[in-house]
Engineer: 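Right, I'll just put the structure down here and ask away after.
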Amino acid sequence: DDGEACSFIVPSVIDRSPLVVAISSGGEAPMVARLLRQQMETWLPEGIARLASWVGGWRKQVAQRIPDARVRVRFWQDVLDGSPAEQVLAGRESSANNLLEQRLESDAVNGSVGEAWLVGAGPGDPGLLTRRGQYLLQRADAVLYDRLVSPQIIDLARRDAELVCVGKQGGGPSTDQGDINRELLRRVRQGQRVCRLKGGDPFVFGRGGEELQALAEAGLPFQAVPGITAASGCAAYAGIPLTHRGLAEGVSFVTGHRAPGTPPTDWAPLVQSGHTLVIYMGARRVAALCQDLQDHGKPATTPAAVVEQGTTRDQRVTGGTLATLPGRMGEVRTPGLLIVGDVARLAGELQWFETAPETGRSAQTKWQ
């Protein structure tokens with residue numbers, strides 16, 4: 001614990017031979033390494049050493065019978081996630097051997113058809129990715145991700161996974177939706193496990209349904225994992241409750257960007273509903289949207305706020321009214337979310353999210 005007087009470092013060690021885990025802080029904080037070791041020891045199963053030895057005993061035989069490395073990785077993932085590993089941990093190795101032998105003889109080991117996993121990555125903060133989403137992301141052979149998915153979440157993918165950006169950007173470089181669908185089909189047919197990673201929730205203005213339709217029509221297997229949508233995540237990090245007793249008893253999600261050839265948004269019923277309005281993809285059209293709402297009967301004094309780059313270290317919240325908000329915006333940072341309704345004025349009172357001091361930036365809240 002005296003780095004300057006030492007020429008060597010002894011890490012905190014978890015010895016479950018043949019499995020050994022060493023944790024080192026480089027001599028900077030040995031007590032932190034010790035604390036982490038204690039936490040990991042409570043997390044490791046009782047029979048983890050027995051499981052490691054059992055896998056080692058089968059490794060050579062499995063490699064001979066499954067020469068394709070990609071298929072072999074998948075095979076071991078299924079074994080360690082399933083009944084064979086559970087049997088070993090319970091001390092029933094004979095039963096585990098029988099189960100593994102059955103899997104080796106199964107036609108499924110050839111991996112002729114893969115699977116697609118449609119996973120919502122949340123609004124930005126990597127801590128908002130669901131456990132199920134992270135689990136599938138770390139098992140995928142390939143990850144097709146959107147522009148809005150944070151680099152920290154992409155870094156959670158398996159080291160040997162193929163990472164492919166298929167993002168869209170308004171007015172900028174974009175991947176055609178048809179091309180994305182075809183790429184999904186091609187990879188799954190080749191036997192890959194593909195994680196289709198989409199910002200927010202894939203079923204809320206994410207076109208996830210179109211991608212699953214293509215897979216369903218092709219008869220290919222898929223799963224869908226929801227994510228925290230931008231409305232929930234950004235509003236929470238901005239201190240804006242989407243519903244609040246006495247202020248809003250409902251909430252409506254609307255897109256601020258209309259596809260070419262589609263009719264304009266019918267604002268009249270939305271204005272009359274008394275719901276909080278959350279307008280996705282609305283940051284670049286704040287002035288036009290605020291005017292549209294006023295033209296359809298929303299009072300100019302209605303509170304409104306724009307949350308830009310919500311839940312991230314660069315989050316910025318700008319508040320005002322339908323009349324004043326456009327003039328307060330400044331340079332727009334995308335992605336941005338427009339929230340309209342009486343609840344928006346609570347942002348100045350309930351805002352809690354702050355940037356870590358070491359980043360040199362802070363979450364900005366500008367209110368009237």
Engineer: Might you point out which heavy atoms bring Ile279 and Leu293 nearest each other, and give the distance in Å?
Structural biologist: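 Shortest heavy-atom contact: CD1-CD1, 4.4 Å.
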Engineer: Does any donor atom in the side chain of Asp295 or Gln291 lie under 3.5 Å from an acceptor atom in the other side chain?
Structural biologist: yes
Engineer: Distance check, rounded to the nearest 0.5 Å: Arg159 atom CZ versus Gln138 atom CD?
Structural biologist: 11.5 Å
Engineer: With a 4.5 Å limit on heavy-atom distance, are the side chains of Asp125 and Gln152 in contact?
Structural biologist: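 Not in contact.
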Engineer: Would you check, one step at a time, whether the test side chain to side chain contact (heavy atoms under 4.5 Å, CB included) holds for Arg65 with Phe75?
Structural biologist: CA-CA 11 Å; Arg65 295 173 67 171; Phe75 174 82; over 6 Å; no
Engineer: Do the side chains of Ser25 and Val32 get nearer than 4.5 Å, heavy atoms only?
Structural biologist: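 In short, these two side chains do not touch, never coming nearer than 4.5 Å.
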Engineer: Nearest 0.5 Å, what's the CD-CD distance between Glu105 and Glu101?
Structural biologist: 4.5 Å
Engineer: What's the separation between atom CG in Leu270 and atom OG1 in Thr265, rounded to the nearest 0.5 Å?
Structural biologist: 8.0 Å
Engineer: Taking Arg74 first and then Asp68, would you say they form a salt bridge - that is, a charged N and a carboxylate O separated by under 4.0 Å?
Structural biologist: no
Engineer: What do the steps show when you test Ile23 against Met40 for side chain to side chain contact (heavy atoms under 4.5 Å, CB included), and what is the final call?
Structural biologist: CA-CA 10 Å; Ile23 305 167; Met40 289 188 67; 3.7 Å; yes
Engineer: Is there a donor-acceptor contact under 3.5 Å from the side chain of Gln315 to the main chain of Tyr237?
Structural biologist: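 Yes; judged by distance alone, with no hydrogens or angles, the pair exists.
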Engineer: Please tell me whether Val225 and Val188 are part of a single hydrophobic cluster in this structure, the criterion being side-chain heavy atoms less than 4.5 Å apart.
Structural biologist: no
Engineer: Looking only at non-hydrogen atoms, find the nearest pair between Ala305 and Ile240 and report the distance.
Structural biologist: CB-CD1, 4.0 Å
Engineer: To check you understand the geometry: which heavy-atom pair defines the closest contact between Leu51 and Val88, and what is its length?
Structural biologist: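 Distance-wise, the nearest heavy atoms are CA-CG1, 3.6 Å.
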Engineer: Taking all atoms of both residues into account, what is the closest heavy-atom pair of Arg345 and Asp342, and its distance?
Structural biologist: CG-O, 3.1 Å
Engineer: Working note: Trp267 + Val254, criterion side chain to side chain contact (heavy atoms under 4.5 Å, CB included); need CA distance, chi angles, decisive distance, verdict.
Structural biologist: CA-CA 10 Å; Trp267 293 111; Val254 189; 4.2 Å; yes
Engineer: Is there a donor-acceptor contact under 3.5 Å linking the side chains of Arg92 and Gln87?
Structural biologist: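 There is such a pair between these side chains.
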Engineer: Verify, without hydrogens or angle tests, whether Arg50 (side chain) and Leu89 (backbone) share a donor-acceptor contact under 3.5 angstrom.
Structural biologist: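 Side chain of Arg50 to backbone of Leu89: a pair is present.
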Engineer: Hey, does the side chain of Thr276 reach the backbone of Leu242 with a donor-acceptor pair shorter than 3.5 angstrom?
Structural biologist: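 At least one qualifying donor-acceptor pair exists.
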Engineer: Show the numbers, then the answer: is there a side chain to side chain donor-acceptor pair (under 3.5 Å) between Glu115 and Gln223?
Structural biologist: CA-CA 8 Å; Glu115 187 173 13; Gln223 298 180 39; 3.2 Å; yes
Engineer: Any non-hydrogen side-chain atom of Val149 less than 4.5 Å from a side-chain atom of Ile154?
Structural biologist: yes
Engineer: Report yes if the side chains of Leu289 and Leu338 come closer than 4.5 Å at any heavy-atom pair, otherwise no.
Structural biologist: yes
Engineer: How about Val166 and Tyr145: do any of their side-chain heavy atoms sit closer than 4.5 Å?
Structural biologist: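 No - every pair of side-chain heavy atoms lies 4.5 Å or more apart.
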Engineer: Do Leu99 and Val62 sit in one hydrophobic cluster, given that two such residues count as connected whenever their side-chain heavy atoms are within less than 4.5 Å of each other, even indirectly?
Structural biologist: no
Engineer: So how far is it from Phe222 CZ to Gln213 CD, rounded to the nearest 0.5 Å?
Structural biologist: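 Phe222 CZ to Gln213 CD: 9.5 Å, rounded to 0.5 Å.
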Engineer: Does the Thr312 side chain pair with the main chain of Asp314, one donor and one acceptor, at a distance under 3.5 Å?
Structural biologist: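 Side chain of Thr312 to backbone of Asp314: a pair is present.
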Engineer: Within a strict 4.5 Å, meaning less than it, do heavy atoms of the Leu144 and Glu183 side chains meet?
Structural biologist: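 Yes; the side chains approach each other to less than 4.5 Å.
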Engineer: Is there a donor-acceptor pair under 3.5 Å between the side chain of Ser273 and the backbone N or O of His275?
Structural biologist: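 Pair found, side chain donor or acceptor close to backbone of His275.
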Engineer: Please confirm whether the backbone N or O of Gly256 pairs with a side-chain atom of Arg285, one donor and one acceptor, at under 3.5 Å?
Structural biologist: yes
Engineer: Do the charged groups of Arg158 and Asp141 touch, with an N to O distance under 4.0 Å?
Structural biologist: yes
Engineer: Would Val71 and Trp117 show up in the same hydrophobic cluster when neighbours are defined by side-chain heavy atoms closer than 4.5 Å?
Structural biologist: no
Engineer: Has Gln294 got a side-chain atom pairing as donor or acceptor with Cys290's backbone, closer than 3.5 angstrom?
Structural biologist: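 Judged by distance alone, yes, a pair lies under 3.5 Å.
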Engineer: Has the side chain of Glu308 got a donor or acceptor atom that lies under 3.5 Å from a matching backbone atom of Arg333?
Structural biologist: yes
Engineer: Decide whether Ser232 and Thr229 meet the rule of one side-chain donor and one side-chain acceptor closer than 3.5 Å.
Structural biologist: no
Engineer: Is Arg70 reaching over with its side chain to a backbone N or O of Gly191, donor-acceptor style, under 3.5 angstrom?
Structural biologist: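 Side chain of Arg70 to backbone of Gly191, a donor-acceptor pair under 3.5 Å: yes, one is there.
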Engineer: Between the side chains of Gln177 and Glu210, does any donor sit under 3.5 Å from an acceptor?
Structural biologist: no
Engineer: Taking CZ in Arg186 as the centre, count heavy atoms belonging to other residues, nucleotides or ligands within less than 6.0 Å. Is the count above 12?
Structural biologist: yes
Engineer: Verify the neighbour count for atom CH2 of Trp352: are there more than 12 heavy atoms of other residues, nucleotides or ligands below 6.0 Å?
Structural biologist: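 Check passes, neighbour count above 12.
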Engineer: Judged by atom type as modelled, is there a donor-acceptor pair below 3.5 Å linking the side chain of Arg72 to the main-chain atoms of Ile66?
Structural biologist: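 At least one qualifying donor-acceptor pair exists.
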Engineer: Checking Glu162 against Arg187 for the salt bridge (charged side-chain N to carboxylate O under 4.0 Å, His left out) test, could you report, in this order, the C-alpha distance in whole Å, the side-chain angles of both residues, the deciding distance, and whether it holds?
Structural biologist: CA-CA 11 Å; Glu162 185 179 357; Arg187 290 178 178 273; 3.0 Å; yes
Engineer: Is any NZ, NE, NH1 or NH2 atom of the basic residue among Arg196 and Asp146 found under 4.0 Å from an Asp or Glu carboxylate oxygen of the other?
Structural biologist: yes
Engineer: Going by an N to O cut-off under 4.0 Å, is there a salt bridge joining Asp78 and Arg193?
Structural biologist: yes
Engineer: Using side chain to side chain donor-acceptor pair (under 3.5 Å), reason through Trp54 and Asn97 one step at a time and then give a plain yes or no.
Structural biologist: CA-CA 9 Å; Trp54 179 78; Asn97 290 336; 2.6 Å; yes
Engineer: Does some side-chain heavy atom of Thr301 sit less than 4.5 Å from a side-chain heavy atom of Leu322?
Structural biologist: no
Engineer: Which is it for Glu46 and Arg16 under the salt bridge (charged side-chain N to carboxylate O under 4.0 Å, His left out) test, yes or no, and what are the steps along the way?
Structural biologist: CA-CA 10 Å; Glu46 181 70 23; Arg16 299 289 187 273; over 6 Å; no
Engineer: Taking NZ, NE, NH1 and NH2 as the nitrogens, is one of them in Glu211 or Arg207 under 4.0 Å from a carboxylate oxygen of the other?
Structural biologist: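 A salt bridge is absent here (no side-chain N lies under 4.0 Å from a carboxylate O).
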Engineer: Counting C-beta onward and ignoring hydrogens, is there a side-chain heavy-atom pair between Pro241 and Leu346 closer than 4.5 Å?
Structural biologist: yes
Engineer: Classify the side-chain pair Tyr135/Arg131 by whether it contains a donor and acceptor separated by less than 3.5 Å.
Structural biologist: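 Distance-only check fails for Tyr135 and Arg131.
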Engineer: List the steps, then state whether side chain to side chain contact (heavy atoms under 4.5 Å, CB included) holds for Phe203 with Lys198.
Structural biologist: CA-CA 10 Å; Phe203 286 167; Lys198 302 177 76 71; over 6 Å; no
Engineer: Let me know which of Leu163, Val119, Leu136 forms a side-chain contact (heavy atoms from CB on, under 4.5 Å) with Val143.
Structural biologist: Leu163
Engineer: Applying the 4.5 Å side-chain criterion to the ILVMFWY set and letting contacts propagate, would Val73 and Val194 be lumped into a single cluster?
Structural biologist: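 Unlinked, Val73 and Val194 end up in two clusters.
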Engineer: Is it the case that more than 12 heavy atoms not belonging to Glu28 sit under 6.0 Å from its CD atom?
Structural biologist: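 Result for CD/Glu28: open.
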Engineer: OG of Ser24 to CG of Leu36: how many Å apart, nearest 0.5 Å?
Structural biologist: 11.0 Å
Engineer: Rounded to the nearest 0.5 Å, how far does OG of Ser150 lie from CD of Gln309?
Structural biologist: 12.5 Å
Engineer: Side-chain heavy atoms under 4.5 angstrom apart, residues restricted to Ile, Leu, Val, Met, Phe, Trp, Tyr: same cluster for Val307 and Leu350?
Structural biologist: yes
